[in-house]
Number of protein chains: 2
Amino acid sequence: MARAGLTAERLTQAGAELADEVGFDQVTVSELARRFDVKVASLYSHVRNSRDLKARIALLSLEELADRAADALAGRAGKDALVSLANVYRDYAREHPGRYAASRFRLTPQEAAASAGGRHSQMTRAILRGYDLPEAEQTHAVRLLGSVFHGYVGLELEGGFSHSAPASQESWTRILDALDALLRNWPAP
Amino acid sequence: MARAGLTAERLTQAGAELADEVGFDQVTVSELARRFDVKVASLYSHVRNSRDLKARIALLSLEELADRAADALAGRAGKDALVSLANVYRDYAREHPGRYAASRFRLTPQEAAASAGGRHSQMTRAILRGYDLPEAEQTHAVRLLGSVFHGYVGLELEGGFSHSAPASQESWTRILDALDALLRNWPAP
DNA sequence: CCGCTTGCCTAAACCCATTAGGTAGATGCA
DNA sequence: TGCATCTACCTAATGGGTTTAGGCAAGCGG
């Protein structure tokens, strides 16, 4: 019996690929075992259970996404930064729908604290430096941006915009124009 | 053997309640059978399969949500209408998290066409009548509003805002203020 | 080169989904 | 009211996913 060389990392990586192929909630310990040509029970030495596997994939995706975002943001400010960050989320979701879905997996507070979640909100907040928002309004604006990004990407991924004119790309561009205008003209409390 | 009086409607209704209690993706044919004190196989005379059950719950939820929205919109315009509609979504999600999740279930194109989905976009579009947007921009604005509503509610439901100041309610209010301001000052293409 | 760790296995229990085919309670018609 | 029919619910069986307990051997450390 040759050893397959399983590790939690390889399982997580393969799980992420599987998610992109068949969808995040079709990611199954059994299917993963099949792909490694190994019996199901063997995975349980590396991963606590099915939920643990999914949480690992979620953490991986959040890291990848944060890395891409950091790259995209480097050297940019203002609307340029806003558009770049927004496109990171949208492009990632289109290239890696399973991983994107994973990034929306509900983590425990401990897992969330150890995740790249903090980097994400930091980066969104960084974008606001290019605009002139009162301190007290910044969190609201961060939450708005998060809502629009995840909301739009989610709807687009569910096929919400795919069968009606105008093309989704056009709305996306105009929505980012609008958000930029809004941040430049944020209403007084 | 007394008859339990199963119908697709009663199953759908009970499924919706179950969803609110245990979460939409924990809604299972087996659990439903248990609640009706009936064998699992019996449900298959009324519902095609598990997916069919979930789709029915989704359609039910979309209808309920559209009914509430229509109520809330009656006699309102402008910001008043915007805030009312937004609150319908948010309140529904908080009162009925399982049904809300169900309303995001991916329907087939046929199911979607027969759903209340159309009413929803009509109502969002109706809100824009209180603002002065060029025809060509309306769809973009509708998509933005949909993204913010579903994005915010989704993040809030996942607990994204629950453990950090300021309170979610405050952000929600400010975000609606901001959307109102944006719609009144929509940037030229 | 030998012993111990540990990586992968077999076996088994349990839950959910789904289908085929049976039985008895409800319904309709004379 | 009595009979035939229909159909609502049942039993039984299959197959897939999850998870745990306990075994054997591969390969590393001494």
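Protein chains get the first letters and strands the later ones, always in sequence-line order, with residue 1 at the start of each. Not measured: the values here are computed from a predicted model.
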Residues which pass salt bridge (charged side-chain N to carboxylate O under 4.0 Å, His left out) with A:Asp80, listed by chain and number, not counting sequence neighbours
A:Arg76
Holding to salt bridge (charged side-chain N to carboxylate O under 4.0 Å, His left out), I want the full list of residues that pass it with A:Arg106, two or more places apart in sequence or in another chain.
none
At a heavy-atom distance below 4.0 Å, what parts of residues 49-57 of chain A sit against DNA chain D?
A:Asn49, A:Ser50
Measure from CG on A:Leu43 to C1' on D:dG17 and round the result to the nearest Å.
12 Å
Decide if the gap between the ring center of A:Tyr92 and the ring center of A:His96 is smaller than 6.0 angstrom.
yes
In residues 9-24 of chain A, which residues come under 4.0 Å of DNA chain D by heavy atom?
none
Per A:Leu6 side chain, nearest of listed nucleotides C:dT18, C:dC8, D:dA21
C:dC8
Sequence-distant partners of B:Asn185, side chain to side chain donor-acceptor pair (under 3.5 Å), two or more places apart
none
Can you name the closest pair of heavy atoms from A:Leu59 and A:Leu107 and give their distance?
CD2-CD1, 3.9 Å
Between A:Ser45 and C:dG7, is there a contact of a side-chain N or O with OP1 or OP2 at under 4.0 Å?
no
In Å and rounded to the nearest 0.5 Å, what is the NE2 to OG1 distance from A:His46 to A:Thr12?
11.0 Å
For A:Glu9, what residues pass the salt bridge (charged side-chain N to carboxylate O under 4.0 Å, His left out) criterion, not counting sequence neighbours?
none
Using only side-chain N and O atoms of A:His46, determine if any of them is under 4.0 Å from OP1 or OP2 of C:dC8.
yes
Judged by modelled atom types alone, do A:Arg143 and B:Ser164 share a side-chain donor-acceptor pair under 3.5 Å?
yes
Ignoring the backbone of A:Tyr44, work out which of C:dT10, D:dT18, C:dT19 is nearest its side chain.
D:dT18
Overall bend - the helix from C:dC1-D:dG30 to C:dA30-D:dT1, comparing terminal axes fitted on five pairs, nearest 10 degrees:
10°
A:Glu21: side chain to side chain donor-acceptor pair (under 3.5 Å) partners, not counting sequence neighbours:
A:Arg35
Taking ring pair (Phe, Tyr, Trp, His ring centres under 6.0 Å) as the test, write out the residues that go with B:Trp172, two or more places apart.
B:Tyr152
Quick check: are there more than 12 heavy atoms from other residues, nucleotides or ligands sitting under 6.0 Å from CZ of A:Arg48?
no
Note: contacts of residues 26-38 of chain B with DNA chain D (heavy atom, under 4.0 Å) are B:Val38
How many Å lie between CZ on B:Arg48 and C1' on C:dT19, as a whole number?
15 Å
Could I get the full list of salt bridge (charged side-chain N to carboxylate O under 4.0 Å, His left out) partners for B:Asp177, not counting sequence neighbours?
B:Lys79, B:Arg174
For A:Arg68, give me all partners under side chain to side chain donor-acceptor pair (under 3.5 Å), at least two apart in sequence or on another chain.
A:Glu95
